[in-house]
Amino acid sequence: MSFAIVAEPLLGTYRGHVGSGQLDPLPAPARLHAALLCAAAQGVRAVADGDGLQPCDADREALRWLEANPPDGITVPETLRNGDDATAYRKEGLIVKEGRNPLADKLIGKPAVSGVALTGRFAWTWEQEPPPPVATALSELCPEVPYLGTSESPVRLAVAEAEPTHRLDPDADLFVGEGLDLSVASSGRAAALEAAHREQSVAPPVKADAHRSSEKTTPPPVVTTGLQLGRYTRPEPPPPPTPWTSVLLFPMERPVPPELRVRYAVAVHRALVSLVGDGAPAVLTGAYGEGATPPSNRCAIQFLGPEAPHVGGNALALLLPREASDIDLTLIRMAVQRLRQVKVGAGPFKVAPPVEIPADQFWPEPAEGTQRWWQTEPVAVPDSRPPRGGKWSLADAAALSVALVWRDEFTVSGRGDARYRALAAAAAGRGVRVESAVRVMGGDLGRYVHKVNPDTVIQPYRGVLHLGDLTGARTIAAIGQSRHLGGGLLVPRDLPVEIARRLTQ
């Protein structure tokens, strides 16, 4: 059961400063701890301590629990900084000597504390509820907190439900990566603040408190004991649905040469259509009725070499599309059980009964210290001719091919060339990066495609690319014009993290 302390800014703003007066964009967990300590030592729950007050035992225990259990998450609303660099002038009861007028009640100028406007509430959340006495103490302390930050930031603090927007990463390297690096109270923080308060509360000796001809404010020293940094990061959103849900993997005795994969895939396609017989679904045949809108992807046939996972050798892979109905998938699964031999011009080949693997768990995890990128295998072919007008590279063509595979993830307007450019740009916006795209020259380039307009120039290429947040590291997919028949398969290409980070910048 989760536990949360929620702060509702009553004016819709938050004002606070850190360091030497810099704007504090949000109250860190350490500020919450300090506010609760102040409430415990000065509010209605405080107990007598000579002529002063101090926290009661229950509140001390609650504060120690906060120090031992930093928030597992925080909720940060949308914020907008208000104001600009400005100077606020106020009388502080000081006398400052200046020029011929030796004693003057001066207006002291200091950087004005600007603030941020908020769209919601702050919250600090814990995955586990604290012990009942601690929870009770915190629940009763919260209403005693009048503000967070400066006194111009009144809040209503309470124990309530909240969903964190950022979660604590206890293993974060604070020198790399991104997130909110916030001050968190740790063991001894409350004791250090109390000791500093007692020291500052002692009246200075008369001599030290004597009048001077020129006075300056002396802020109390900043107490850093019991503070540490904690990084809070936004949870990675789950990747969108995989284009193909699962893979039927048929072990094979020998590999299929890269330049023959399209031809072999066409032969397998014909064999599967024949096995299904009348009523073969369109997601297998690729023949859709007049007026029907074809889905982004249909059944894809690919070949893997000796490195093929799950079967430990060469394999034929039949990728089942997400758009297929249960009936269509049942027909295909029943038919493939009878697939044992495929006839092809280079000589028939046999396959063993298939095993079915979830598409998002197909490839092994990336090697430690690496980031998963992808390499086209054997080559990919652009889905369209280059759009007219403006520059267009093979990298743009690869980004467009990725966008067409994950077409449902993008909402773009326009038609034809304008739409292609918009899709490529949208893919880049999701983190798709093409590190290299090298055109394959010479030979019979037609061997890499199944059907193409005779007037179309075939431009097969080998590329290395990153798929951004479109998919997980283990998902099998293919891109390009021949992705359904032996081309454009994306195989892992793990790059060292440091190199990968530079490529994505």
Side-chain angles (χ1 to χ4, degrees), residues 237 239-244 262 282-283 286-300 319 321-324 373-376 379-441 445-446 448-471 475 477-485 487-490 503-505:
T242 55
W244 292 272
V262 171
V283 293
Y288 292 87
E290 186 176 355
T293 301
S296 305
N297 306 288
R298 58 180 188 272
C299 288
L319 284 65
R322 177 165 298 281
E323 289 89 345
W373 285 54
W374 305 93
Q375 178 174 312
T376 57
V379 299
V381 177
D383 289 85
S384 72
R385 58 166 176 76
R388 296 184 177 86
K391 296 182 178 178
W392 186 258
S393 64
L394 278 178
D396 297 321
L400 171 61
S401 292
V402 172
L404 291 175
V405 171
W406 278 270
R407 192 172 64 189
D408 294 339
E409 290 298 310
F410 303 100
T411 302
V412 298
S413 57
R415 302 179 60 182
D417 291 353
R419 182 169 179 273
Y420 287 158
R421 291 187 182 278
L423 281 170
R430 295 291 296 270
V432 174
R433 298 288 183 272
V434 181
E435 162 55 17
S436 65
V438 180
R439 186 176 302 172
V440 175
M441 306 294 289
L445 300 182
Y448 294 120
V449 296
H450 174 42
K451 291 181 179 178
V452 68
N453 189 308
D455 298 330
T456 299
V457 177
I458 303 172
Q459 296 181 320
Y461 64 91
R462 292 187 175 89
V464 176
L465 62 157
H466 188 249
L467 293 178
D469 62 1
L470 289 176
T471 192
T475 299
I479 63 171
Q481 188 267 355
S482 55
R483 64 184 181 275
H484 300 123
L485 291 170
L489 180 66
L490 297 179
L503 294 178
T504 53
Q505 289 177 347

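Numbering starts at 1 and runs along the sequence shown.
Using a distance-only test at 3.5 Å, with no hydrogens or angles considered, a donor-acceptor pair links the side chain of W406 to the main chain of L470.
Considering all non-hydrogen atoms of both residues, E323 and N297 come closest at OE1-O, 3.6 Å. When all heavy atoms of A478 and G487 are compared, the closest pair comes out as CB-O, 3.9 Å. For the pair A422 and S413, the tightest heavy-atom approach, listed with the atom from each and the gap, is CB-O, 4.4 Å. The two residues A282 and A287 come nearest to each other via the heavy atoms CB-O, 3.4 Å. Counting all heavy atoms, side chain and backbone alike, R483 lies closest to W244 at CD-CH2, 4.2 Å. For V438 against L394, the heavy-atom pair with the smallest separation is C-CD1, 4.4 Å.
When the side-chain hydrogen bond (donor to acceptor under 3.5 Å, both in side chains) test is applied to T471, the partners found at least two apart in sequence or on another chain are T475. A search for side chain to side chain contact (heavy atoms under 4.5 Å, CB included) contacts involving A428 returns R433, not counting sequence neighbours. Partners of A426 under the side chain to side chain contact (heavy atoms under 4.5 Å, CB included) rule, at least two apart in sequence or in another chain, are F410, V412. Looking at residues two or more places apart in sequence or on another chain, you find a ring-ring contact (aromatic ring centres under 6.0 Å, His included) between W373 and H466. Partners of P460 according to the side chain to side chain contact (heavy atoms under 4.5 Å, CB included) rule, which considers only residues two or more places apart in sequence or in another chain, are V379, V381, V440, L445, Y448, I458. Listed by chain and number, the residues in a side chain to side chain contact (heavy atoms under 4.5 Å, CB included) with P239 amount to none (sequence neighbours excluded). Partners of T376 by side-chain hydrogen bond (donor to acceptor under 3.5 Å, both in side chains), not counting sequence neighbours: none found. With sequence neighbours left out, the side-chain hydrogen bond (donor to acceptor under 3.5 Å, both in side chains) criterion links Q375 to R493.
Screening residues 416-425 for side chain to side chain donor-acceptor pair (under 3.5 Å), with sequence neighbours left out, gives R385-D417. Pairs engaging residues 396-415 under the salt bridge (Lys or Arg N to Asp or Glu O under 4.0 Å) rule: E409-R430 [sequence neighbours left out].
Note that CH2 of W392 and OG of S384 are 6.5 Å apart. Values are rounded to the nearest 0.5 Å. In this structure, CD1 in I479 is found 5.0 Å from CG in L490, a value given to the nearest 0.5 Å.
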request  = Evaluate the side chain to side chain contact (heavy atoms under 4.5 Å, CB included) criterion for residues V262 and V449: first the C-alpha distance (whole Å), next the side-chain angles of each, then the deciding distance (0.1 Å), finally the verdict.
outcome  = CA-CA 6 Å; V262 171; V449 296; 5.9 Å; no

request  = Take T242 and R322 through the side chain to side chain contact (heavy atoms under 4.5 Å, CB included) test and state the conclusion after the steps.
outcome  = CA-CA 7 Å; T242 55; R322 177 165 298 281; 3.1 Å; yes

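Side-chain contact between W374 and L489 is absent, with no heavy atoms from C-beta onward closer than 4.5 Å. Counting heavy atoms from C-beta on, the side chains of P243 and P321 never come closer than 4.5 Å.
The side chain to side chain contact (heavy atoms under 4.5 Å, CB included) test with V402 is passed by exactly one of L423, V434, V432: V432.
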